[in-house]
Amino acid sequence: MEDLKRIKIKELMDAPVVGKKVNVKGWVRTFRSNRFIAINDGSTINNMQAVVDFEAMDEQLLKRVTTGACVSVTGELKESLGKGQTVEVIVESLEILGDADPEKYPLQPKKHSLEFLREIAHLRVRTNTFSAIYRVRHAMIFAVHNFFNQKGFYNVHTPIITGSDAEGAGEMFRVTTLDLTNPPKNEDGTINNKEDFFGKETNLTVSGQLEGETAAMGMSEIYTFGPTFRAENSNTSRHLAEFWMIEPEMAFYDINDNMDLAEEFVKYLVKYALENCKDDLEFLNQRALDEEKGKPQNERSSMSLLERLQFVADNEFERVTYTEAIDILKNSKPNKKKKFQYLIEEWGADLQSEHERFLVEKHFEKPVILYNYPKDIKAFYMRQNNDDKTVAAMDVLFPGIGEIIGGSQREERYDVLKARVDELGIPEKDLWWYLDLRKFGSAPHSGFGLGFERLILFVTGMGNIRDVIPFPRTPDNAEF
RNA sequence: UCCCCCUUAGCUCAGUUGGUUAGAGCGGCUGACUGUUAAUCAGUAGGUCCUUGGUUCGAGCCCAAGAGGGGGAGCCA
């Protein structure tokens, strides 16, 4: 084979130079008519068609061109005679880089269930659906940094191993180097954590917020984007034990500034996807439509994926206080007809997902930001409002997904925060540095957390969060 | 953690009231054809009916326990 530099399929398709000799490497999707090899290299959802003259080629070599095999083809780029593509490579030389035994290779040129593909997560990236999802995921990662960079926010790496167990966002994964079969003990029989690597009990982070706040109290506007770990025994299509979270934290922002930023942020991401992931979103749009064909009419969504994304980009989110939401729910049909599993009786009740869904999907039919929640159902660090009953918390709720963002204005008044910490019995030794922020140059500030995979669920139209991260970690599953 | 559903060929699924040799489509293989688009046509192979135990003359089908998967709830992002 001639020594020709490999070119990506995306490059060839974006700017095809007909008549040029090119080398393409990738994985065989199908080999039709003993003549047409559909090659995909992951640079785009589109395949490059390579045309071989089977009468002039080694039959044994062509036999090895099977679904899943990795090949390198070299030849002239020509306008395609067929209809499905504009250009194709007329193969002069063909090399098999890696065989794939068709009797054993699990992917076939046919539709596979998502459940089956989850079991072969190391190979599912070779399907249109998953490569499309991962390309969109990449675009969203890029867009997150782009958005904040343009706005003058600084990215901060908060620790993944944390020594404070006061974050209160959920069950934590223990990090230890102690010998679990024979751990060092104190005289009273408890484990002696002083012997552990850090000389104390440590865990994987459940949120970078508290550390993020320290950064905001010196750099004004920061954001984190990192892995987050929750050892909750959650078995749903919206929860992962290991996920990625974006947490901006802004000095001098009140709850309204916070909601403005959250809305602007999500809209930016959705618009970015619409503008930069056209091919992939069109494929995912069609995939979702095909999937819905199998569903009864009343379970189908009123808008297609692309329409939904455009709708979110174009329309104001509805902003409703908790108190207003309770009124709406109390007087709603399902509440009066006792259709809710949990009926709304009075102010103070925690909203269940059936209530959130009603507000978002039935009542307003658009994304909703709920804010000013009762303080008793929210975290200790949220700023108490003047009514003495509510805190300046806000949740952004999305159709089909529920809470995509949770945030608040933070309590910046030392006395108020200290009283709340004491009231809840949170040990001050874990939070002394957090309280210090309120002692020295405190400032009103706000922030929120966006669950990255939940955003990807929305943007790709997928239904299960295990399909929008390459290797999902969930209870009882850490395969791969 | 709780509730519900599922597990039959490589994949997606059918399998009647408990009855003789468990089926289809797709995929694989063999051959034909050759400008195809998940190519087409013909033929063909392929089964621990999730596991264990039980009921029965007889279990893919009934019962119990377990494993795996899915949907929903809670928790949350």
Side-chain angles (χ1 to χ4, degrees), chain A residues 28-38 46-55 63 66-68 78-85 88 90 100-120 127-128 167-171 206-209 226-247 262 290 294 299 340-342 350-357 377-379 395-398 401-407 448-458 463-467 469 474-477 479:
Chain A
V28 176
R29 288 295 173 78
T30 60
F31 184 21
R32 287 183 294 266
S33 297
N34 209 21
R35 187 188 288 275
F36 306 102
I37 311 173
N46 300 302
N47 299 330
M48 176 56 71
Q49 172 154 289
V51 184
V52 294
D53 180 359
F54 56 87
E55 283 159 331
K63 278 225 155 107
T66 59
T67 300
K78 279 200 164 171
E79 277 184 40
S80 180
L81 300 172
K83 281 187 178 152
Q85 57 285 315
E88 60 194 16
I90 308 303
D101 182 346
E103 291 196 30
K104 292 182 182 144
Y105 184 65
L107 292 171
Q108 305 150 2
K110 60 165 281 187
K111 208 168 189 148
H112 290 287
S113 69
L114 295 171
E115 291 83 2
F116 171 66
L117 293 171
R118 240 170 258 157
E119 288 169 14
I120 48 167
T127 64
N128 286 336
E167 286 162 347
E171 293 295 310
V206 292
S207 164
Q209 179 198 318
T228 309
F229 307 88
R230 304 226 174 135
E232 297 287 351
N233 195 4
S234 300
N235 278 294
T236 82
S237 53
R238 302 182 302 284
H239 289 86
L240 291 166
E242 177 184 293
F243 64 100
W244 292 71
M245 189 155 64
I246 296 135
E247 296 181 287
D290 291 344
E299 282 176 34
F340 283 141
Q341 199 182 336
Y342 298 88
D350 208 349
L351 298 183
Q352 310 293 323
S353 45
E354 59 179 343
H355 306 130
E356 295 179 351
R357 292 185 82 115
I377 60 173
K378 287 291 178 183
D395 287 349
V396 180
L397 308 177
F398 260 47
I401 291 160
E403 187 179 341
I404 198 167
I405 284 177
F448 61 81
L450 176 135
F452 187 61
E453 283 75 17
R454 288 191 181 172
L455 172 87
I456 305 299
L457 272 184
F458 182 75
N464 193 314
I465 204 161
R466 292 165 197 146
D467 295 329
I469 187 167
T474 53
D476 261 324
N477 175 34
E479 189 71 47

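Per chain, numbering begins at 1; letters A, B, ... match sequence-line order.
- Between the side chain of A/R454 and the main chain of A/I404, no donor-acceptor pair closer than 3.5 Å is present.
- A gap of 9 Å separates the P atoms of B/A9 and B/C49, to the nearest Å.
- One atom, CD of A/E403, and another, C1' of B/G74, lie 14 Å apart when rounded to the nearest Å.
- A/E88 contributes no side-chain N or O that, together with a main-chain N or O of A/K78, makes up a donor-acceptor pair within less than 3.5 Å.
- Nearest-nucleotide positions on RNA chain B place A/P102 closer to the 5' end than the other of A/K83 and A/P102.
- Residue contacts for A/H239: at a heavy-atom cut-off of 4.0 Å it reaches a base atom on one of the strands shown.
- Nearest heavy-atom pair across A/F31 and A/V28 is N-CG1, 4.5 Å.
- Under the side chain to side chain donor-acceptor pair (under 3.5 Å) criterion, A/E354 pairs with no residue at all, not counting sequence neighbours.
- Distance A/L114 CG to B/C11 C1': 13 Å, rounded to the nearest Å.
- Comparing atom distances between the A/R230 side chain and each of B/U34, B/A77, B/A38 picks out B/A77 as nearest.
- Proximity of A/T236 to the phosphate of B/G74: no side-chain N or O atom is located under 4.0 Å from OP1 or OP2.
- B/G70 atom P lies 14 Å from atom CD1 of A/I465, rounded to whole Å.
- When side chains are defined from C-beta on, A/Q352 does not count as touching A/R357, because their heavy atoms never get closer than 4.5 Å.
- Counting heavy atoms of neighbouring residues, nucleotides and ligands inside a 6.0 Å radius, atom CG of A/D476 does not exceed 12 of them.
- A/R466 comes within 4.0 angstrom of the backbone, heavy atoms only, and of no base.
- Applying the 6.0 Å contact sphere to CD of A/E79 captures no more than 12 heavy atoms from other residues, nucleotides or ligands.
- Spacing between atom NZ of A/K111 and atom P of B/U37 amounts to 19 Å, rounded to whole angstrom units.
- Of the listed nucleotides (B/A77, B/A38, B/C75), B/C75 has the atom at the smallest distance from the side chain of A/S234.
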Distances for protein N/O vs nucleotides 42-51 of chain B N/O pairs under 3.5 angstrom?
none

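- Residue contacts shown for A/I404 are limited to sugar-phosphate atoms, with no base heavy atom under 4.0 Å away.
- Of all heavy-atom pairs spanning A/D290 and A/K111, the tightest one is CB-NZ, 3.9 Å.
- Residue A/S207 places no side-chain N or O under 4.0 Å from the OP1 or OP2 atom of B/A77.
- Nucleic acid contact class of A/Q341 (heavy atoms, under 4.0 Å, all strands): none.
- Side-chain atoms of A/Q49 lie closest to B/U37 of the nucleotides B/U37, B/U34, B/A39.
- Just one residue in the list A/N128, A/T67, A/I37 forms a side-chain contact (heavy atoms from CB on, under 4.5 Å) with A/R29, and that residue is A/N128.
- Here, B/U16 and B/C62 have their P atoms 9 Å apart, quoted to the whole Å.
- No hydrogens or angles were tested; on distance alone, a donor-acceptor pair under 3.5 Å links the side chain of A/Q85 to the base of B/U36.
- Here the side chain of A/L240 is nearest to one of B/A77, B/U36, B/G28, namely B/A77.
- Going from the C1' atom of B/A22 to that of B/U8 covers 8 Å, rounded to whole Å.
- As rounded to the nearest Å, B/G31 and B/G47 have P atoms that lie 23 Å from one another.
- Legend: residues meeting ring-ring contact (aromatic ring centres under 6.0 Å, His included) with A/F452, ordered by chain and number and at least two apart, are A/F225.
- Listed nucleotides: B/A73, B/U34, B/G35. Nearest to the side chain of A/N34: B/U34.
- Spacing between atom CZ of A/F229 and atom P of B/A77 amounts to 16 Å, rounded to whole angstrom units.
- Taking both residues in full, the closest heavy atoms of A/R466 and A/T474 are given as NE-CG2, 3.5 Å, listed atom of the first, atom of the second, then distance.
- Taking every heavy atom of both residues into account, A/G68 and A/Y105 meet most closely at CA-CE2, 3.5 Å.
- Taking a centre distance below 5.5 Å and an interplanar angle below 30 degrees as the stacking criterion, A/F243 stacks against the six-membered base ring of B/A77.
- Within 4.0 Å (heavy atoms only), A/K104 reaches no atom of the nucleic acid at all.
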From CA spacing to verdict: side chain to side chain donor-acceptor pair (under 3.5 Å), A/T30, A/R32: CA-CA 6 Å; A/T30 60; A/R32 287 183 294 266; 3.1 Å; yes
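- Take A/F54 and apply the ring-ring contact (aromatic ring centres under 6.0 Å, His included) test, not counting sequence neighbours, and it matches no residue.
- Across all strands, A/R118 comes closer than 4.0 Å only to sugar-phosphate atoms, never to a base (heavy-atom distances).
- Rounded to whole Å, the distance from CZ on A/F31 to C1' on B/U40 is 15 Å.
- The side chain of A/R32 contributes no N or O atom lying less than 4.0 Å from OP1 or OP2 of B/U36.
- When base pairs are accepted only as Watson-Crick or G-U wobble with both N-N or N-O distances under 3.5 Å, RNA chain B takes part in stems of 3 or more pairs at B:1-7 with B:67-73, B:10-13 with B:23-26, B:28-32 with B:40-44, B:50-54 with B:62-66.
- Here the nucleotide nearest the side chain of A/S80, chosen from B/U36, B/G69, B/U12, is B/U36.
- Among the heavy atoms of the strands lying under 4.0 Å from A/N464 are primed sugar atoms or P, OP1, OP2 only; no base atom is included.
- One atom, CG of A/D467, and another, C1' of B/G70, lie 12 Å apart when rounded to the nearest Å.
- A/F54 comes within 4.0 angstrom of a nucleotide base, judged by non-hydrogen atoms across all strands.
- With contacts defined as side-chain heavy-atom distances shorter than 4.5 Å, the pair A/Q49/A/N47 does not qualify.
- Counting any heavy atom pair closer than 4.0 Å across all strands shown, A/E479 reaches no nucleic acid atom.
- Donor-acceptor pairing under 3.5 Å, judged by distance alone, is absent between the side chain of A/R35 and the base of B/C33.
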Would you tabulate the nitrogen or oxygen pairs shorter than 3.5 Å linking the protein to nucleotides 6-10 of chain B?
{"unit_1": "B/G10", "atom_1": "N2", "unit_2": "A/Q108", "atom_2": "OE1", "d": "3.0"}
{"unit_1": "B/G10", "atom_1": "N2", "unit_2": "A/Q108", "atom_2": "NE2", "d": "3.4"}
{"unit_1": "B/G10", "atom_1": "N3", "unit_2": "A/Q108", "atom_2": "NE2", "d": "3.2"}

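- As judged by a 4.0 angstrom heavy-atom cut-off over every strand, A/E354 is placed among residues making no nucleic acid contact.
- Distance from the side chain of A/S33 is smallest to B/U36 among B/A73, B/U36, B/A38.
- A/S80 places a side-chain N or O within 3.5 Å of a backbone atom of A/G82 that can act as its donor or acceptor partner.
- A/G449 comes within 4.0 angstrom of sugar-phosphate atoms only, judged by non-hydrogen atoms across all strands, and of no base.
- Protein atom CD of A/Q209 is 14 Å distant from nucleotide atom P of B/C76, rounded to whole Å.
- Spacing of P atoms, B/A77 relative to B/C6, comes out at 35 Å, to the nearest Å.
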